[in-house]
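Report on the following structure.
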Amino acid sequence: MTSTQEATQEAKTTVYKPPTVWKDKPRPGLWGKLNQPHAGPREKRELPRGKHALQLYSMATPNGVKVGILLEELFDAYNKKNGFDYDAWLISIIKGDQFTSGFTNVNPNQKIPALLHYDGKESAPIRVFESASILLYLAENFDPDHKFLPADARGKAEAISWLFWQVGSAPYFGGGGFGHFFSAETKIESAVDKYTLEAKRQLDVLEHHLAGKDAKTSGAGGPYILGKNFSVADMAIWPWYGRKVLEDGTPAAKFLDVHKYPAVIAWAKKVADRPAVQRGARVNKSWGPEKEQLKERHSAADFAS
């Protein structure tokens with residue numbers, strides 16, 4: 001582009017001046033049409049129910065994968081011991097399933113994942129929404145051996161702290177920050193720079209911890225977030241950060257220069273090698289290669305079909 005063309009392009013750029021009161025307007029694209037500035041159901045439709053006490057309603061986005069991983073880890077740990085199992089139903093956020101009356105009754109915020117627990121003690125099932133809440137609920141109620149959430153105060157506090165580090169950090173790393181502005185059709189340099197800086201800072205937080213650079217902190221040096229023990233902290237962080245550093249050939253991973261975080265990459269590979277993680281990443285997945293999909297999950301046999 002010549003300097004004259006650049007000047008012409010700059011002249012065509014209009015500066016947005018917000019009105020005193022924002023008013024809704026038509027928005028382009030799939031998400032522009034789906035997202036609305038109001039809550040409440042848009043369609044009357046009940047949710048399906050399977051035979052197990054736990055009913056997951058989700059999709060294999062990073063937040064959905066968190067819960068799929070824990071459910072599969074619990075299955076491996078306790079199915080033979082106490083019959084632990086669950087049903088998982090696809091909620092297609094592309095088709096707007098999250099806006100039905102049934103799903104809204106489980107999560108008024110209309111975001112996946114959501115969980116119903118038919119515990120047999122209450123007339124109505126217990127609802128749990130927001131991914132971190134679901135991880136804690138499952139760990140506290142279905143992990144009597146404390147395999148994934150430590151029983152001691154120090155270990156539990158460390159796990160919960162890292163869990164909510166992910167909750168607070170990932171929006172800046174994903175679609176609410178770096179992921180959005182880096183992939184946007186019109187790229188705004190200041191926005192890309194701002195969220196790239198934050199994304200790299202977050203990766204370096206993990207690098208410092210997993211590499212043992214913060215040697216006095218609990219769990220420092222890996223191989224997992226809490227040290228020797230795989231926990232809900234790893235399950236929450238890996239779908240967002242672990243998978244990103246393993247996508248070394250993608251434009252976003254190249255831009256972030258992910259090879260500069262070797263401890264994060266080593267951790268991500270170790271987590272990815274776990275059979276339950278591999279299965280959990282497939283739960284409620286409806287895109288990609290057929291062998292990676294599993295739209296619904298009702299028993300372990302579904303993975304072989």
Side-chain angles (χ1 to χ4, degrees), residues 61-63 65-66 69-70 73 131-132 135-136 139 146-183 190-274 276-277 280-281:
T61 66
N63 285 331
V65 168
K66 297 179 196 176
I69 290 173
L70 178 53
E73 290 283 357
S131 57
L135 291 180
L136 287 177
H146 302 284
K147 292 179 179 292
F148 309 115
L149 183 64
D152 67 288
R154 184 183 300 275
K156 186 175 183 179
E158 188 74 9
I160 292 174
S161 294
W162 280 108
L163 172 60
F164 284 95
W165 173 85
Q166 181 276 314
V167 171
S169 299
Y172 298 98
F173 191 82
F178 171 77
H180 171 75
F181 287 104
F182 180 75
S183 61
S190 60
V192 173
D193 286 349
K194 174 181 178 178
Y195 289 106
T196 300
L197 183 151
E198 176 60 14
K200 289 181 70 65
R201 189 194 68 81
Q202 291 175 14
L203 286 169
D204 206 41
V205 168
L206 290 173
E207 181 69 20
H208 270 251
H209 179 70
L210 290 165
K213 295 178 182 179
D214 302 324
K216 294 182 179 180
T217 62
S218 180
Y224 295 117
I225 296 295
L226 297 191
K228 294 185 296 181
N229 298 321
F230 182 69
S231 73
V232 293
D234 300 282
M235 300 178 205
I237 297 169
W238 182 83
W240 286 98
Y241 299 86
R243 293 202 297 188
K244 180 62 70 179
V245 300
L246 296 180
E247 297 173 352
D248 195 29
T250 65
K254 287 181 179 179
F255 189 72
L256 290 171
D257 210 7
V258 297
H259 75 276
K260 289 190 174 180
Y261 309 101
V264 180
I265 292 173
W267 160 79
K269 289 179 177 178
K270 187 173 182 65
V271 173
D273 284 341
R274 296 178 69 92
V277 171

Seminar exercise, completed: Output for pair (Phe255 CZ, Thr196 OG1), nearest 0.5 Å, gives 4.0 Å
For this session: Indicate yes or no: at least one non-hydrogen side-chain atom of Pro150 is less than 4.5 angstrom from one of Asp152.
Result: yes
Seminar exercise, completed: To the nearest 0.5 Å, atom CZ of Phe148 lies from atom CD1 of Ile69 at 11.0 Å
For this session: With sequence neighbours excluded, tell me which residues meet side-chain contact (heavy atoms from CB on, under 4.5 Å) with Lys147.
Result: Ala77, Tyr78, Asp143, Asp145
Exercise. Which of these, His209, Glu207, Lys269, sits in a side-chain contact (heavy atoms from CB on, under 4.5 Å) with Val264?
Worked result: Glu207
Exercise. So which heavy atom on Gly155 is nearest to which on Leu226, and how close?
Worked result: O-CD1, 4.2 Å
Seminar exercise, completed: Heavy atoms of Ala268 and Gly242 approach each other most closely as CB-O, 3.5 Å
Exercise. Could you go step by step and tell me if Phe230 and Val271 meet the side chain to side chain contact (heavy atoms under 4.5 Å, CB included) rule?
Worked result: CA-CA 8 Å; Phe230 182 69; Val271 173; 4.0 Å; yes
Problem set entry | Student check: side-chain heavy atoms of Asp234 and Trp267 closer than 4.5 Å | yes
Problem set entry | Shortest non-hydrogen contact from Ala233 toward Ile225 | CB-CG2, 3.9 Å
Exercise. Ignoring hydrogens and geometry, is there a side-chain-to-backbone donor-acceptor pair from Asp273 to Lys270 under 3.5 Å?
Worked result: no
For this session: Measure the CG-CG distance between Asn63 and Leu135 for me, rounded to the nearest 0.5 Å.
Result: 9.5 Å
Problem set entry | Point-to-point distance, once rounded to the nearest 0.5 Å, from CE of Met235 to CG of Leu149 | 9.5 Å
For this session: Taking all heavy atoms of Pro62 and all of Trp240, pick out the closest pair and write down the distance.
Result: CB-CE2, 3.4 Å
Problem set entry | Closest approach of Tyr195 to Tyr172 (non-hydrogen atoms, all atoms of both residues) | CE2-CD2, 3.7 Å
Exercise. Is the backbone N or O of Leu256 less than 3.5 Å from a side-chain atom of Lys200, with the two atoms forming a donor-acceptor pair by type?
Worked result: yes
Exercise. Does Arg274 pair with Glu73 as a salt bridge, N-O distance under 4.0 Å?
Worked result: yes
Seminar exercise, completed: Value for CH2 (Trp238) from CZ (Arg243), rounded to nearest 0.5 Å, stands at 5.5 Å
Exercise. Looking at Lys244 and Ala253, what are the two nearest heavy atoms and their distance?
Worked result: O-CB, 3.9 Å
For this session: Kindly compute the distance separating CD1 (Ile265) from CG (Leu210), expressed to the nearest 0.5 Å.
Result: 11.5 Å
Problem set entry | Whether Gln166 side chain and Ile237 backbone form a donor-acceptor pair below 3.5 Å | no
Exercise. Do the ring centers of Trp162 and Tyr241 come within less than 6.0 Å of each other?
Worked result: no
